[in-house]
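The structure appears right after this line, and notes come after that.
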Amino acid sequence: MTLRVYNTLTRSKSEFKTIEEGKVRMYVCGPTVYDSAHVGHAMFALVFDIVRRYLIYRGYEVDYVMNFTDVDDKIIDRANRLGVDPFELAEKYIEEFKHNLRDLNILPASEYPRATNEIDTIIKMVSQLIEKGSAYIVDGDVYFRVETARDYGKLSGRKLEEMNAGSRIRVDERKENPMDFAVWKKAKPGELAWDSPWGSGRPGWHIECSAMNLSHLGEQIDIHGGGNDLIFPHHENEIAQTEAITGKPFARYWMHNGMMQLKGEKMSKSTGNLVPISEFLNEYSGDVLRLLVLSSYYRSPLTFNSEVVEANQRALERLLSALRPAQPGAAGASKAVLDVLAEQLEATQQGFVESMDEDFNSAGALGHIFDLVRAINQARAEQATDEQLAPAQTGFKLLTDVLGLELKATELTTTGADAFIDLILALRKELRQEKLYQLSDHVRDKLLKLGVIIEDTPQGSTWRWE
RNA sequence: GGCGACGUAGCCAAGUUGGCAAGGCAGGGGUCUGCAAAACCCUCAUCACGGGUUCGAGUCCCGUCGUCGCCUCCA
């Protein structure tokens, strides 16, 4: 069995082979931190977290770097408007985003570099570009000369001649070619800036990522990820710069996730149709958002609306049903029933890997997991005991762990509550034996309002948190 | 206008090299239950449209219509 990965560079799937045996160097473009992150940002983080977790499951050691762009026009503008220090503003949103990542059960990156810590590397790289003739200085700005990059456009599938720069924005007359882009920007008066051989200024957006790759992962990496809105110009330019300097192919696999759609269009700050991560998490668990992402192909646009969110909330509850204990007083299931369960466990494990191996087909993998859920619930209905359910439940949990699902039944601060609820159930049992159903239903309703679900079976009653 | 992705049941969505259309949510029927809930069982599509290739196409080719992304900061 081999893992196949879709590569934007070749526009096809190919077998995944790392530069170094057993080790994956992976870089993912993080957010520009000038505001709170929304669920669209969560999507890229979740997608690549799933990729990373699966690579680990497949036995790779993964070096995972996610950057923060902490200096750019928007941060400066916002800071100026709020009258705060741009560094502090960026710092605040970096911390907030990291907090979001934790809430979403996303594994911490090996490193979280940020642009402002890479200035030395950036200046060195810009100097190299100028020396090689790949960049030129104009009045304190430094531009990359795209015509020196022979295969410029190879990632986005554009040809230099076909690009009509300036169709929507004024072209800077000082540039040799309209498509040339800034690697160093001259500082405006009073703006935060660093000294450089070309005067005071700050790095262009694209060079930051090139620099962070170089200093944290090296000249060549295995996977470069990000949203598909970054393909052009950001990633195209990253390739041009890095390869101009190293003379070597930069990233082996370029992976791009699709955009999250809200009301039929891309969720973004500029259009204002967004849902902050923290707002979402006030109502739903991180698992719901993760399940939403898992339920479709990462490269496709993802539909986000209340109906879909609710459906995934219910789907999550179904996954949780597999982990419930045996029925009270279960007599034990027959060998035939247990054989079916064991077979399904094996089929699910195999199907899971087959799906995930095919460019991380998480939706297909989930389908196999749901088959196992049904099998477990069937066995339980057929009187399987906890011991008999255990192997399948353990196998189930292992796979959902690979997908990063927590599957924690809601746990309130229930310290000591269990004993009291058990007591109430015992009393309610007496009511039911006396056929005081009105009273026992009343107890059930009241407990439900407190988040306790009671289920009555012929063998007795069970309860769980909502 | 250029480049790219996509169009599968009420909704979301999978479908490897073409060979009887996964899964989830919602809906309908049933088992169980004092009732309810959960769980279990049964049920629910010929794949945008029109051509073509083939013994056979959702799956390949052409065209039409439609949706989305990028071409400007953007996950």
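What you see is a predicted model; the values in this text were computed from it and never measured. Note that these values count all heavy atoms, side chains included, but never hydrogens, waters or copies made by symmetry. Naming convention: chains lettered A, B, ... in sequence-line order (proteins, then strands); numbering from 1 in each chain.
- A straight line from CD of A/Glu310 to P of B/G10 spans 21 Å, rounded to a whole angstrom.
- In this model, no side-chain donor or acceptor of A/Asn312 finds a partner on the base of B/C12 within 3.5 Å.
- The side chain of A/Ser296 places no N or O atom within less than 4.0 Å of a non-bridging phosphate oxygen (OP1 or OP2) of B/A14.
- Residues A/Arg374 and A/Asn377 have side chains that never bring a donor and an acceptor to within less than 3.5 angstrom of each other.
- For the OP1/OP2 pair of B/G4 and a distance below 4.0 Å, the side-chain nitrogens and oxygens of A/Ser156 include no atom meeting the criterion.
- Classified by interplanar angle (parallel below 30°, tilted 30° to 60°, perpendicular above 60°), the ring pair A/Phe144/A/Phe181 is parallel.
- Closest to the A/Met259 side chain, of the nucleotides B/A39, B/A75, B/A37, is B/A75.
- In this structure, A/Asn228 reaches the sugar-phosphate backbone alone: every heavy-atom distance under 4.0 Å involves primed, P, OP1 or OP2 atoms, never a base.
- Side-chain contact, A/Gln313 with A/Glu317: a donor N or O sits under 3.5 Å from an acceptor N or O.
- Counting non-hydrogen atoms under 4.0 angstrom, A/Gly30 reaches the backbone sugars and phosphates but no base.
- The A/Glu307 side chain lies nearest to B/C11 when the options are B/C11, B/C35, B/A75.
- Listed nucleotides: B/A75, B/C71, B/G34. Nearest to the side chain of A/Phe232: B/C71.
- Residue contacts shown for A/Arg324 are limited to sugar-phosphate atoms, with no base heavy atom under 4.0 Å away.
- When distances run from any side-chain atom of A/Arg444 to the nucleotides B/C25, B/G34, B/A39, the shortest one goes to B/G34.
- For A/Asn377, whose side chain is taken as the heavy atoms from C-beta onward, the closest listed nucleotide among B/A13, B/A39, B/A38 is B/A39.
- With hydrogens and angles left out, the side-chain atoms of A/Glu15 and A/Thr2 include no donor and acceptor closer than 3.5 Å.
- Distances from the side chain of A/Pro233 to the nucleotides B/C71, B/G34, B/C40 place B/C71 closest.
- Checked by distance alone, A/Arg11 brings no side-chain donor or acceptor within 3.5 Å of a matching partner on the base of B/G4.
- Ring planes of A/Trp254 and A/His256: parallel class, angle under 30° (limits at 30 and 60°).
- Contacts between residues 327-344 of chain A and RNA chain B, defined by a heavy-atom separation under 4.0 Å, are absent.
- Here A/Gly226 lies in heavy-atom contact (under 4.0 Å) with sugar-phosphate atoms only.
- Look at CE on A/Met356: it is 13 Å from C1' on B/A14, rounded to the nearest Å.
- Backbone-only engagement by A/Glu358 is indicated by non-hydrogen atom pairs under 4.0 Å involving sugar-phosphate atoms exclusively.
- The separation between A/Leu262 atom CG and B/C11 atom C1' is 16 Å, rounded to whole Å.
- Using a 4.0 Å heavy-atom criterion, one finds that A/Tyr297 contacts the sugar-phosphate atoms exclusively.
- In terms of phosphate contacts, A/Arg314 brings no side-chain nitrogen or oxygen within less than 4.0 Å of OP1 or OP2 of B/G24.
- Nearest to the side chain of A/Ala315, among B/A75, B/C3, B/G24, sits B/G24.
- Test A/Asp72, A/Thr116, A/Asp73 against A/Arg202 for side-chain hydrogen bond (donor to acceptor under 3.5 Å, both in side chains) and you get one pass: A/Asp73.
- Side chain of A/Ser440, nearest nucleotide from B/A13, B/G34, B/A39: B/G34.
- In this structure, A/Asp357 places its CG atom 18 Å from P of B/A14, rounding to the nearest Å.
- At a cut-off of 3.5 Å, with distance as the only test, no side-chain donor of A/Asp63 or A/Tyr27 sits close to an acceptor on the other residue.
- Residues from residues 359-370 of chain A with heavy atoms under 4.0 angstrom of RNA chain B, sorted by number: A/Asn361, A/Ala363, A/Gly364, A/Gly367, A/Phe370.
- Residue A/Arg318 is in sugar-phosphate contact alone, with no base atom involved, counting any heavy-atom pair closer than 4.0 Å across all strands shown.
- Contact between the side-chain N/O atoms of A/Arg374 and the OP1/OP2 oxygens of B/G24 is found at a separation under 4.0 Å.
- Nearest nucleotide to the A/Ala311 side chain, out of B/C35, B/A75, B/G24: B/G24.
- One cannot find a donor-acceptor pair under 3.5 Å joining the base of B/G24 and the side-chain atoms of A/Asp371.
- Applying the 4.0 Å criterion to OP1 and OP2 of B/C35, one finds that A/Lys435 has every side-chain N and O outside that range.
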